[in-house]
Amino acid sequence: MGLPSAAVIGEFDRMWDDLHPVGRVASTGGYRRFALTGEDHTLHEWFAEQSVRRGLDLTSDRMGNQWAWWGNPDEAPGQGVVIGSHLDSVPDGGAYDGPLGVVSAFAVIDALREQGFAPDRPLGVVNFVDEEGARFGVACAGSRVITGALDADRARGLADVDGVTMAEALRAAGRDPHEIGRDDETLRRVGCFVELHVEQGRALADLDPETSAVAIGTNIWPHGRWRIDLPGMANHAGTTRLEDRQDATLLAAELVLAARAEAQRHATVATVGKLRLEPGGVNAIASHATVWLDSRGPVEADVRATVAALSDETAQRGGTIVEESWTPTTAFDAGLVSQLRQVLGDEVPLLGTGAGHDAGILATAGVPTAMLFVRNPTGVSHSPEEFAEQDDCHRGVAALTKVVQDLAAGAGSSPDQAGPS
Ligand code: GLV
Ligand code: MN
Ligand code: MN
């Protein structure tokens with residue numbers, strides 16, 4: 001894969017530098033960019049600025065996802081070629097997951113203009129809100145709400161760890177919570193979506209280095225999140241005999257170990273990355289434990305079996321389990337994937353992923369969707385250690401530019417479907 005021009009690289013690097021300090025935690029080098037916070041606001045302003053710099057028409061949909069258009073997507077419904085990703089992060093996340101796709105998308109616009117390319121279809125750059133669900137618990141809330149996969153009433157009622165609901169956070173940000181909801185008008189503009197993303201495993205690092213800087217995404221594993229509540233009784237840490245205790249922490253620890261064992265048994269993965277103990281005193285036995293479970297795997301039935309076993313374990317301990325989100329197996333659009341292969345070459349690797357993406361939500365909603373992955377030499381992600389070589393990021397821009405050039409050159413070269421039904 002070649003490199004873009006020095007001017008495009010310069011602009012890419014400038015945008016990268018702009019984003020570097022936003023929400024960065026000096027002590028870890030990780031990012032805290034959560035929905036409807038000051039950092040989120042700064043990132044939205046940055047996106048708007050980039051749109052204005054390029055003379056793109058900026059709109060926000062009913063959920064607050066930002067869309068910057070080159071050309072009028074309402075003149076030719078279903079024809080818009082959309083690229084982009086998200087700018088929010090997990091707690092102490094890396095710099096690349098999300099921002100790489102947004103910065104690359106603007107750099108693609110620059111590269112196309114530099115080449116004097118005149119698109120036959122409208123081109124859009126999108127910034128999806130709340131992809132990680134770090135604050136309100138449901139991943140891809142931005143794309144789920146506009147596609148109807150997440151009911152607006154449920155979204156408004158989601159609460160963060162301090163009990164602030166999404167509705168309250170929207171109001172605090174000066175927005176009307178009742179505006180959020182399914183947005184068919186926005187979706188009608190999207191003919192196809194190609195999300196460029198940092199690779200989140202290390203499959204590409206083991207392949208031929210000459211041909212594996214960028215891969216084409218084929219599918220996303222089924223995955224979901226569950227909340228498990230376990231009962232206990234608060235009591236004194238010094239005076240309560242071990243046999244008299246009802247310790248919610250012990251039940252939580254048993255559940256964490258059971259999650260590992262059931263994942264191994266069913267060939268899935270299961271993670272408890274967040275738990276809360278109440279009342280949270282060092283010298284008080286926990287009266288309540290909340291355990292958040294994330295489970296994924298290549299086969300949907302195996303993920304369901306993992307969670308079913310953990311539901312039994314939960315019930316045996318007097319607890320409850322509630323599904324917070326579920327995303328079925330996603331296969332990206334076969335026509336679009338083969339078009340990307342034709343454009344980039346058969347030697348470009350194909351890659352499935354265990355990570356969730358807005359691309360998956362749009363694909364499930366019927367939008368022809370595909371992804372490009374930029375090699376990650378260590379495979380580490382959702383961590384300050386997440387990394388991609390600068391040259392590989394630039395190669396990603398070059399690949400996405402070629403893809404968009406092909407997709408936007410004449411309506412005749414669009415994939416089979418023409419937008420969501
Ligand atoms: C998002 O990155 C996820 O896979 O949870
Ligand atoms: Mn992520
Ligand atoms: Mn992401």
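Sequential numbering from 1 along the given sequence is applied to the chain's residues. Whatever order the structure lists ligands and atoms in, that order sets their numbers, starting from 1. Computation of the quantities below employed the complete heavy-atom set of this structure, encompassing side-chain atoms and omitting hydrogens, waters and symmetry-equivalent molecules.
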Geometry only, no angles: is Gly356 polar-contacting ligand 1 at N/O separations under 3.5 Å? yes

If you measure every N/O of Arg296 against every N/O of ligand 1, is any gap under 3.5 Å? yes

Region of Ala139 that comes within reach of ligand 1 [heavy atoms, distance under 4.0 Å]: neither

Select one of side chain, backbone, both or neither to describe which atoms of His86 lie under 4.0 Å from any atom of ligand 1, heavy atoms only. neither

Whether Tyr96 and Trp16 hold their rings parallel, tilted or perpendicular, with breakpoints at 30° and 60°: tilted

Using a strict 4.0 Å cut-off to heavy atoms of Ala355, name the atoms of ligand 1 that fall inside it. 4 (O)

Please determine whether Asp97 has a backbone or side-chain N, O or S atom lying under 2.8 Å from the Mn ion (ligand 3). yes

Check this for me: Gln115, atom CD, are more than 12 non-hydrogen atoms of other residues, nucleotides or ligands nearer than 6.0 Å? yes

Nearest neighbour in protein (non-hydrogen) for atom 1 (C) of ligand 1: Glu132 OE1, 3.2 Å

Can you say whether the rings of His357 and Phe373 are parallel (under 30°), tilted (30 to 60°) or perpendicular (over 60°)? tilted

Answer yes when Glu185 and Arg188 have at least one side-chain N-carboxylate O distance shorter than 4.0 Å, and no when they do not. no

For ligand 1, is there an atom lying under 4.0 Å from some heavy atom of His357? no

Keeping the roles fixed (side chain from Arg144, backbone from Ala139), state whether a donor-acceptor pair exists under 3.5 Å. yes

Between Phe47 and Phe106, ring centroids under 6.0 Å: yes

Quick one: look at His223 and ligand 1, take heavy-atom pairs under 4.0 Å, and tell me if it's side chain, backbone, both or neither. neither

Taking NZ, NE, NH1 and NH2 as the nitrogens, is one of them in Glu262 or Arg265 under 4.0 Å from a carboxylate oxygen of the other? yes

Tell me the angle that OE1 of Glu132 and NE2 of His382 form around the Mn ion (ligand 2), rounded to 10°. 90°

Would the distance check show the side chain of Arg341 and the main-chain N or O of Asp346 forming a donor-acceptor pair, the cut-off being under 3.5 Å? yes

Can you tell me if, anywhere in His357, an N/O/S atom lies at a distance from the Mn ion (ligand 3) that is smaller than 2.8 Å? no

